[in-house]
Amino acid sequence: MKKLLLLLLICSFSFARAQEYNEKAILYITVKTAENQPVRFLDFFLINGKTGDKIPGTTDNKGKMQVNVMQEITYTFQIPGYAEETKIPIPRGRGTVLKTITYDESLATKPTGTGNCDTIRQQFTEIPKMSITEATVKIVLTDIKNQPLTDFPVHLTCPSIMKCFTTKTNNLGEAILLVPINKLYDVGIDNIASYRKIKVTERPGAVFLRKFRYVPTIVNERMENDTIWQEIPDDQTATSSRALVEIIMTDMQNRILPNEIVSLNVLGDSSVYCGKTDANGMIRFLLPKGARYQLNFTYERDIDILDYSELEGIHKTNIEYTYIGTQKINDFNRTVKRDAQGFKTEFMSTPVNKQTVSDLKTTKTPGGYSISIKGGLGGGTPFVTENNLIFGGDNGSHDLFCVNRKTGGFLWGLELGDGGASPGCSEDGILLVNTYSCTLYAIDELAGTLKWSKWLGHIINSTPTVASKKVFTVYPDGDVPEKFANDGNYVLACFGLIDGEILWQRRIKSEVMGAAVYHEGWLYLTTSDGTLGIYNAENGELINEKQLSAYSMPVISGDSVWLTTINPENNAKSISCYSAKNLSCYYTKQIYDDSNPLEKLSGIAGMNADRGRVLHYSGKNYSLMNGRLICSNAATGEVIWSKDMGAGSKSDANKMPILAGGKILVEGDNDQLLVVEPIDGQAIGTIGIPEITGQPVVYGGNVYCSTKDGTVEAQKGTQTNLSGWPMWCGAGNRNTSK
């Protein structure tokens, strides 16, 4: 269970701590080149942003370093003679923080200590004679049955003097090494560069004895390009260099799923470990430590992250997953009925199971409450009504929970049939969510019961829209009949809110950005290829379509539609205004000369994506671009003011300005949500909330959000007019014109 985060209120818009907070944390630093190679034996300083104290360090054989730090302090990573430095904030409640830093040698103005170690080979049969500056390290290796391991290579690497002392174990399993005193050494065994660390203190002539149980890896692996297939015996245990992972797969009726392909992508690498479940629905992997792995099934992607980057000791992981089943999906796709236009006339229903309160832990805080999900990670934008707060987890989470908005008390919970719930919306008491893999759910918001569901396709990167008792969504149709293939392999679909009846479907070329936007009987949507399309919401008829190099979702008011566009030559961003009827251009005004291209967002990021999107309010447009909040005249596009909101607004593609109680809220630095006056852009207050995923939502004077730490936070303010943004993009029609 992750540590809960406390949020404390001190005034209407400003929050602070009631007392000093000094919890410790461990910072794991990895320094790599642009080619993803470790930068070994690199000298650096970590500077405490509060006290100015410098912590010296040197990366090890793998370009890594572990440093003890304090929470709620931002540290500066600094390399002597290097032109750039890196800010590393340590959030409150985070016990461990991982940071990877890219090192560019061309920016170094003087040597930094990088290079290869001198290797000193030794082979002592007994404790050697020692000088006053030397000590002996004796390492004893035994196997899992406590038997000595002989003839095993062992080395001690000292980054500070750039020397590697190496030997092999004798017939007693002993490796004896003579080394300088008062040094920190990385212990390397067999093929593991940094198995443990040993501090050899100032005790001349001392013998430092360490015993390690070591299990060597013996596994049969077959390579096919970048794919690794393993044959692992049933009696195979975890080893010292690899974690044993056992996965059991069942369907929603708790029946085993044999012959399912399971893949684990090595993050930061092109390698993939792959295999099939056996007759008992089980698959086993031996995964090298020091890496992170992304779990995938055939029709469900980005299910989970297995993080073994800092794993020590002998480790075994047992996981059970529920999955609809590849064979069931293939059988359905092969036999599904289609109409004359090639559209599916039926969809599989995905069942749900009830969850219990035991999966949640709610903790009261001075500013409201904090909720942690058992085993969960940060999801996207929550959804709030007068009485309820509804939220899910990340891509791999099947959770959907509803709690009392005011107290955080459990009301209901569902285990969805697939993972990664999108931001929700509702109409007439019916809650709508997509999942990344791969279903549209309609749920009775009060009872927490399933009204209807439709398995749409293997990857859904968008969010549903609801208006006028209709539900609009986009799904991939990978099995589109060949004669309709030129019309596009994505479908814009409309379903009846009450019963899920298929009302109409329309084929489109590319995936929608975020969601379709409903306005006065028409649907507006931008697609990943930069096209803006307009459709009749009653029958799906295409009204107009134009390639505009769109970078964001559209916003509509009156006869105007605004969106951010991108210049494909230099990636500069502009606010563009078009006729909401015929898409003739009123103006295009460049707002930022930005080098960031239009990259595709997927999963929770794609479902919450409102990157560069305009907030239209009181005749003005507000947009957040590279950390600057820009206010422009909606009629002419002329910039009225532009304000720097801090580095916290620069990095996350899922943040647009939101409107609450006549104020604008954007994320700033140091886990602060800034409250900004729309007239002049002045920040008039801050709300302390940890790293937010998706959008915050605001209702009844309270701010609600999901965090990267896996909690859902409710922060109560004293201004009851801080309200009016209860869901992603403010309303179920997804139009951010207020």
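Values reported hereafter were calculated over all heavy atoms of this structure, with side chains retained and with hydrogens, waters and symmetry mates removed.
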Identified side chain to side chain contact (heavy atoms under 4.5 Å, CB included) counterpart of C402 within the set L431, N388, L414: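 By the side chain to side chain contact (heavy atoms under 4.5 Å, CB included) criterion, C402 pairs with just one of L431, N388, L414: N388.
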Qualifying residue, where the test is side chain to side chain contact (heavy atoms under 4.5 Å, CB included) with Y518 and the options are N733, V466, N735: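 It is N733; the other options fail the test.
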So which atom in [X] and which in [Y] form the shortest heavy-atom distance, rounded to 0.1 Å?
{"X": "M513", "Y": "M553", "value": "O-CG, 3.1 Å"}
{"X": "E300", "Y": "S437", "value": "CG-CB, 3.0 Å"}
{"X": "C705", "Y": "I689", "value": "SG-CG2, 3.1 Å"}
{"X": "T362", "Y": "I371", "value": "OG1-CG1, 3.6 Å"}
{"X": "G700", "Y": "S723", "value": "N-OG, 2.8 Å"}
{"X": "T463", "Y": "A515", "value": "O-CB, 3.2 Å"}

Checking side-chain polar atoms at under 3.5 Å, does [X] have a donor or acceptor matched by the opposite partner on [Y]?
{"X": "T531", "Y": "D529", "value": "yes"}
{"X": "S372", "Y": "T711", "value": "no"}
{"X": "T527", "Y": "Y490", "value": "no"}
{"X": "Y551", "Y": "N571", "value": "no"}

Check against side chain to side chain contact (heavy atoms under 4.5 Å, CB included), L306 and I319: CA-CA 11 Å; L306 304 181; I319 317 173; 3.8 Å; yes
May I ask you to decide if [Y]'s main-chain N or O and [X]'s side chain share a donor-acceptor pair within less than 3.5 Å?
{"X": "R734", "Y": "W728", "value": "yes"}
{"X": "D444", "Y": "L446", "value": "yes"}
{"X": "Y524", "Y": "H519", "value": "no"}
{"X": "S453", "Y": "Y441", "value": "no"}
{"X": "W412", "Y": "E445", "value": "yes"}
{"X": "S462", "Y": "V512", "value": "no"}
{"X": "W562", "Y": "I575", "value": "no"}
{"X": "R628", "Y": "S642", "value": "yes"}
{"X": "E427", "Y": "K469", "value": "yes"}
{"X": "S706", "Y": "G380", "value": "yes"}

Measure the shortest side-chain to side-chain distance between [X] and [Y] over non-hydrogen atoms and say whether it is less than 4.5 angstrom.
{"X": "Y699", "Y": "E386", "answer": "yes"}
{"X": "M607", "Y": "P423", "answer": "yes"}
{"X": "K738", "Y": "L615", "answer": "yes"}

CA sep, side-chain torsions, deciding dist, call: V676, K643, side chain to side chain contact (heavy atoms under 4.5 Å, CB included): CA-CA 10 Å; V676 177; K643 300 285 186 179; over 6 Å; no
Cation-pi geometry met for K620 and W641 (6.0 Å, 45°):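 No cation-pi geometry.
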Criterion side chain to side chain contact (heavy atoms under 4.5 Å, CB included) on L659 and W725, from CA distance to verdict: CA-CA 7 Å; L659 186 73; W725 198 275; 4.2 Å; yes
Kindly compute the distance separating [atom1] ([X]) from [atom2] ([Y]), expressed to the nearest 0.5 Å.
{"X": "L432", "Y": "L440", "atom1": "CG", "atom2": "CG", "answer": "6.0 Å"}
{"X": "M625", "Y": "R611", "atom1": "CE", "atom2": "CZ", "answer": "9.5 Å"}
{"X": "L548", "Y": "I566", "atom1": "CG", "atom2": "CD1", "answer": "13.5 Å"}
{"X": "L673", "Y": "Q715", "atom1": "CG", "atom2": "CD", "answer": "10.0 Å"}
{"X": "K509", "Y": "S528", "atom1": "NZ", "atom2": "OG", "answer": "12.5 Å"}
{"X": "N404", "Y": "N387", "atom1": "CG", "atom2": "CG", "answer": "7.0 Å"}

CA sep, side-chain torsions, deciding dist, call: Y535, I508, side chain to side chain contact (heavy atoms under 4.5 Å, CB included): CA-CA 11 Å; Y535 301 85; I508 61 177; 3.3 Å; yes
E415/K354 ion pair, N-O < 4.0 Å: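 No, E415 and K354 are not salt-bridged.
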ring-ring contact (aromatic ring centres under 6.0 Å, His included), paired with F495, selected from F347, Y475, W504: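 The residue from F347, Y475, W504 that satisfies ring-ring contact (aromatic ring centres under 6.0 Å, His included) with F495 turns out to be F347.
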NZ (K406) with more than 12 external heavy atoms under 6.0 Å: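 Result for NZ/K406: open.
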D418 and its side-chain hydrogen bond (donor to acceptor under 3.5 Å, both in side chains) partner, picked from T439, T322, N434: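 Between D418 and the candidates, side-chain hydrogen bond (donor to acceptor under 3.5 Å, both in side chains) is satisfied uniquely by T439.
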